[in-house]
Amino acid sequence: MAVTATEPSTPTSAAFGPAVALSCRECGERYDLGPRFACEFCFGPLEVAYEFGDITRESIERGPNNIWRYAGLLPVPANVRELPNMNPGLTPLVRADRLAAELGLRSLHVKDDSANPTHSFKDRVVAMAVEAARNFGFTTLSCSSTGNLAGAVGAAAARAGFRSCVFIPAGLEEAKVVMAAVYGGRVVAIDGNYDDVNRFCSELIGDPAGEDWGFVNVNLRPYYGEGSKTLAYEIAEQLGWRLPDQIVVPIASGSQLTKIDKGFRELIALGLVEDRPYKVFGAQATGCSPVARAWEDGHDVIQPVKPDTIAKSLAIGNPADGPYVLDICRRTGGAVAHVDDDEIVDSIRLLARTEGVFAETAGGVTTGVLRKLVAQGDIDPDAETVVLNTGDGLKTLNAVSGTGVTATIPPSLRAFKEAGLL
Ligand SMILES: *Cc1c(COP(=O)(O)O)cnc(C)c1O
Ligand SMILES: [Zn+2]
C-alpha cells in the first residue's frame with residue numbers, strides 16, 4: 001500500500017536491515033518494502049531507501065571476505081552471513097600497469113568480477129534478490145536473462161533451496177546455457193531477443209500462475225539492483241578507502257552503472273571516503289548502443305534498437321535505466337561510448353595479453369571503450385582509472401575462436417627445433 005511522504009514510515013522489518021522503504025525515482029512517493037517495482041502514480045522505477053546505522057571503515061573491515069561485509073548498507077538482515085546464499089564479492093582489483101603502459105595511462109586497475117561464484121558480476125545482484133525472495137515467501141526464483149543472470153539464478157536457487165525457472169533468448173552461447181541448466185532448474189529459451197523475453201516475463205508476473213514467483217530483475221528489481229553498489233564499495237575499499245577519478249562501466253539495462261554511482265555517493269555521505277569528484281563512463285557494443293547514440297546526439301530519450309553484437313550479455317535494446325545513465329555521465333563529467341565487434345575481440349586479447357585477465361565480450365567492450373576514450377582525450381591519462389571486467393572469457397569462447405595451439409608436432413626434440421619454436 002502506498003504511504004504519503006508525511007506519514008511516519010512503517011516499522012522496518014529486521015529482515016531488510018537498514019532498508020526502510022521503497023521510493024519512486026521520479027516523484028519520490030514512498031512505499032512499504034514489498035515485491036513491487038513501479039510507482040502506482042507515475043510508473044517510475046522504485047528504489048530502496050535506507051536509514052543507515054553507525055558504519056565505520058573498521059566495522060566493514062572486520063566483516064567476511066565477501067559482499068556481506070557491507071550488509072549494513074544493503075537491504076538484507078543482519079544475520080545474512082548465516083543464511084544459505086552464494087556469498088559473492090571481494091573480487092580482485094588488479095593493478096594493470098602493463099595495460100596502462102600500452103594505453104598511455106598512469107594508473108589503471110581492472111576490477112575482475114569473473115572471480116565470482118558463477119563467473120560474472122550477476123552473483124552480486126542475485127544474492128540480494130535471494131534474500132528479498134526469502135523475506136516475501138516466494139518459492140520459485142526466475143528471471144529474464146541475457147545469459148549470465150540465468151546461471152547466477154540457477155546456482156543461487158540450488159544453494160538457497162528455491163525452485164528455479166529462467167528465461168533466455170534462443171541462440172545464446174552454449175557455455176551460458178549449460179551453466180544455467182546444470183544446477184537442475186528449468187531453462188526456457190524464448191524465440192526472440194532479450195526484450196521479447198522481458199515482455200513475456202512481465203505478462204507472467206501479471207498472471208495468477210506467477211503469483212509465488214520472484215523474478216529477480218522484475219518484481220524484485222529494486223532489491224536486486226542494490227547488489228551492484230557492492231562494486232563501488234569494494235573498489236573504494238581496495239583503493240585504500242578512496243574513490244577512483246574515472247571508472248568505465250558496461251551498460252546492458254544500465255542498472256549496474258546507476259548503482260555504482262549510488263554506492264560512491266553513499267560512501268561520501270557516510271564520511272567513509274573523501275568527497276571528491278569522480279567521472280563515470282558507460283560502455284556499449286556498437287551493435288547494441290542505444291544509450292551511446294543518445295549521448296552522441298545529445299538526446300534525453302533513448303531510441304530502442306534491435307541488438308546485433310557478439311556482446312550478448314549487454315544486448316538489451318531498450319535499457320530500462322538508460323535515461324539515468326545519461327544523467328549520471330553528464331553530472332559527473334563522464335561520457336558514453338561504443339566499440340564494434342572487431343574492437344571487442346581485439347580488446348579481449350589485449351587485456352589477456354597484458355594482464356592475464358580473460359574477459360568475456362562485456363569486458364572486451366569496457367576495455368575497448370577505455371582505449372577509445374583515452375585516444376579521444378575524454379579520459380585523463382594522469383588520473384586514477386578503474387575498468388570493469390564483469391564476466392569470464394570461458395563463457396564466450398567463440399569470440400576468440402581461431403586462438404589455439406601454436407603448432408602440433410611429434411614428440412621429438414628435433415621436430416620441435418625444426419618447427420622453429422625455440
Ligand atoms: C548483466 C551484465 C552487465 C550489466 O548489466 P546492467 O543491466 O547494465 O546492470 C554487465 N556485464 C555482464 C557480463 C553482465 O552479464
Ligand atoms: Zn512516482
Side-chain angles (χ1 to χ4, degrees), residues 2 4-5 22-31 36-47 91 111-114 116 118-126 128-129 143-153 168 172-173 175-176 179-180 194-195 198 216-218 221-222 224-231 248-262 280 282-285 288 290-291 309-322 324-325 328 336 344 348 359-367 369 387-396 399:
T4 66
L22 294 177
S23 79
C24 173
R25 277 199 76 147
E26 289 298 319
C27 73
E29 182 71 30
R30 281 166 85 95
Y31 298 85
R36 51 169 81 239
F37 56 100
C39 178
E40 285 171 15
F41 298 94
C42 74
F43 303 110
L46 303 183
E47 68 172 342
T91 56
K111 179 63 170 168
D112 187 10
D113 245 16
S114 67
N116 277 315
T118 70
H119 307 281
S120 89
F121 115 92
K122 286 299 196 298
D123 293 314
R124 296 177 185 274
V125 281
V126 170
M128 302 300 133
C143 66
S144 53
S145 173
T146 55
N148 286 319
L149 186 56
V153 167
I168 56 175
L172 276 191
E173 299 97 336
K176 287 184 183 159
M179 266 204 80
Y194 173 82
D195 300 283
N198 211 23
V216 304
N217 57 337
V218 190
R221 190 173 180 82
Y224 159 98
E226 297 297 287
S228 291
K229 295 194 306 177
T230 60
L231 270 167
V248 182
V249 183
I251 301 167
S253 72
S255 169
Q256 183 186 49
L257 187 147
T258 65
K259 299 299 179 176
I260 287 175
D261 173 64
K262 186 180 183 186
V280 181
Q284 293 203 294
C288 183
V291 186
T309 169
I310 59 168
K312 294 186 183 186
S313 56
L314 304 182
I316 297 184
N318 190 11
D321 288 303
Y324 301 115
V325 167
I328 289 164
V336 188
I344 293 168
I348 291 174
E360 77 143 88
T361 44
V365 169
T366 48
T367 305
V369 162
V387 62
L388 298 192
N389 172 41
T390 47
D392 194 319
L394 289 174
K395 294 196 182 208
T396 57

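Values reported hereafter were calculated over all heavy atoms of this structure, with side chains retained and with hydrogens, waters and symmetry mates removed. Ligands are counted one by one from 1 in listed order, and the atoms in each one are counted from 1 as well.
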Chemist: Rounding to 10°, state the angle centred on the Zn ion (ligand 2) that links SG in Cys27 with SG in Cys24.
Modeler: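 Answer comes to 110°, rounded to 10°.
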
Chemist: Check each atom of ligand 1 against the heavy atoms of Ser255 and keep those under 4.0 Å away; list them by number with element.
Modeler: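 In order of numbering, the contacting atoms are 6 (P), 8 (O), 9 (O).
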
Chemist: Any chance the side chains of Asp113 and Asn116 put a donor and an acceptor closer than 3.5 Å?
Modeler: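 There is such a pair (donor and acceptor under 3.5 Å, judged by atom type) between the side chains of Asp113 and Asn116.
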
Chemist: To which protein heavy atom is atom 9 (O) of ligand 1 closest, and what is the distance rounded to 0.1 Å?
Modeler: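 The closest one turns out to be Gln256 N, 2.9 Å.
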
Chemist: Going by an N to O cut-off under 4.0 Å, is there a salt bridge joining Asp321 and Arg221?
Modeler: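 Judged by the 4.0 Å cut-off on N to carboxylate O distance, Asp321 and Arg221 do form a salt bridge.
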
Chemist: Give the atom numbers and elements of ligand 1 that come within less than 4.0 Å of a heavy atom of Leu314.
Modeler: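 Result: 3 (C), 10 (C), 11 (N).
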
Chemist: Can you tell me which residue and heavy atom of the protein come closest to atom 4 (C) of ligand 1, and the distance to 0.1 Å?
Modeler: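 Here the closest protein heavy atom is Phe121 CE2, 3.7 Å.
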
Chemist: Provide the number and element of each atom of ligand 1 under 4.0 Å from a heavy atom of Ala362.
Modeler: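 So the answer, numbered in order with elements, is 11 (N), 13 (C).
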
Chemist: Using distance alone, with no hydrogens and no angle criterion, decide if Thr361 and Lys312 have a side-chain donor and acceptor under 3.5 Å apart.
Modeler: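 No.
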
Chemist: Let me see the working for Ile310 and Thr396 under side chain to side chain contact (heavy atoms under 4.5 Å, CB included), right down to the final yes or no.
Modeler: CA-CA 9 Å; Ile310 59 168; Thr396 57; over 6 Å; no

Chemist: Is it the case that the side chains of Thr91 and Asp112 hold a donor-acceptor pair, with the cut-off being a distance below 3.5 Å and no angle test?
Modeler: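 No, Thr91 and Asp112 have no side-chain donor paired with an acceptor closer than 3.5 Å.
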
Chemist: Nearest protein heavy-atom contact for atom 5 (O) of ligand 1: which residue, which atom, what distance?
Modeler: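 The closest heavy atom on the protein side is Ala252 CB, 3.4 Å.
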
Chemist: Does any N or O atom in Asn148 lie less than 3.5 angstrom from one in ligand 1, N or O only?
Modeler: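 It does: an N or O of Asn148 is found under 3.5 Å from an N or O of ligand 1.
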
Chemist: Could you check whether Asn389 and Lys111, counting side-chain N and O atoms only, form a donor-acceptor pair closer than 3.5 Å?
Modeler: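 Side-chain D/A pair, Lys111 to Asn389: absent.
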
Chemist: Taking it one step at a time, do Thr390 and Ser120 satisfy side chain to side chain contact (heavy atoms under 4.5 Å, CB included)?
Modeler: CA-CA 5 Å; Thr390 47; Ser120 89; over 6 Å; no

Chemist: Determine the sole option in His119, Glu173, Glu360 for which the side-chain hydrogen bond (donor to acceptor under 3.5 Å, both in side chains) test with Asn148 is passed.
Modeler: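 That would be Glu360; it is the only one of His119, Glu173, Glu360 passing the side-chain hydrogen bond (donor to acceptor under 3.5 Å, both in side chains) with Asn148.
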
Chemist: Taking 4.0 angstrom as the limit and counting only heavy atoms of Gly254, give me the atoms of ligand 1 inside it, by number and element.
Modeler: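 Counting atoms of ligand 1 from 1, those under 4.0 Å from Gly254 are 6 (P), 7 (O), 8 (O).
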
Chemist: What's the shortest distance from atom 12 (C) of ligand 1 to any protein heavy atom, and which residue and atom give it?
Modeler: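 Result for atom 12 (C) of ligand 1: Thr390 OG1, 3.3 Å.
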
Chemist: So which heavy atom in the protein is nearest atom 15 (O) of ligand 1, and how far is it from that ligand atom?
Modeler: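 For atom 15 (O) of ligand 1, the nearest protein heavy atom is Lys122 NZ, 2.7 Å.
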
Chemist: May I ask you to identify the nearest protein heavy atom to atom 7 (O) of ligand 1, giving residue, atom name and distance to one decimal place in Å?
Modeler: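 Of every protein heavy atom, Ser253 OG, 2.5 Å lies nearest to atom 7 (O) of ligand 1.
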
Chemist: Could you check if a side-chain atom of Tyr194 sits within less than 4.5 angstrom of a side-chain atom of Ser145, using non-hydrogen atoms only?
Modeler: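 The answer is no, as the side chains (C-beta and beyond) never meet within the 4.5 Å cut-off.
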
Chemist: Yes or no: does Pro250 have any heavy atom under 4.0 Å from an atom of ligand 1?
Modeler: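 Checking ligand 1 against Pro250, which is what was asked, there is a heavy-atom contact under 4.0 Å.
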
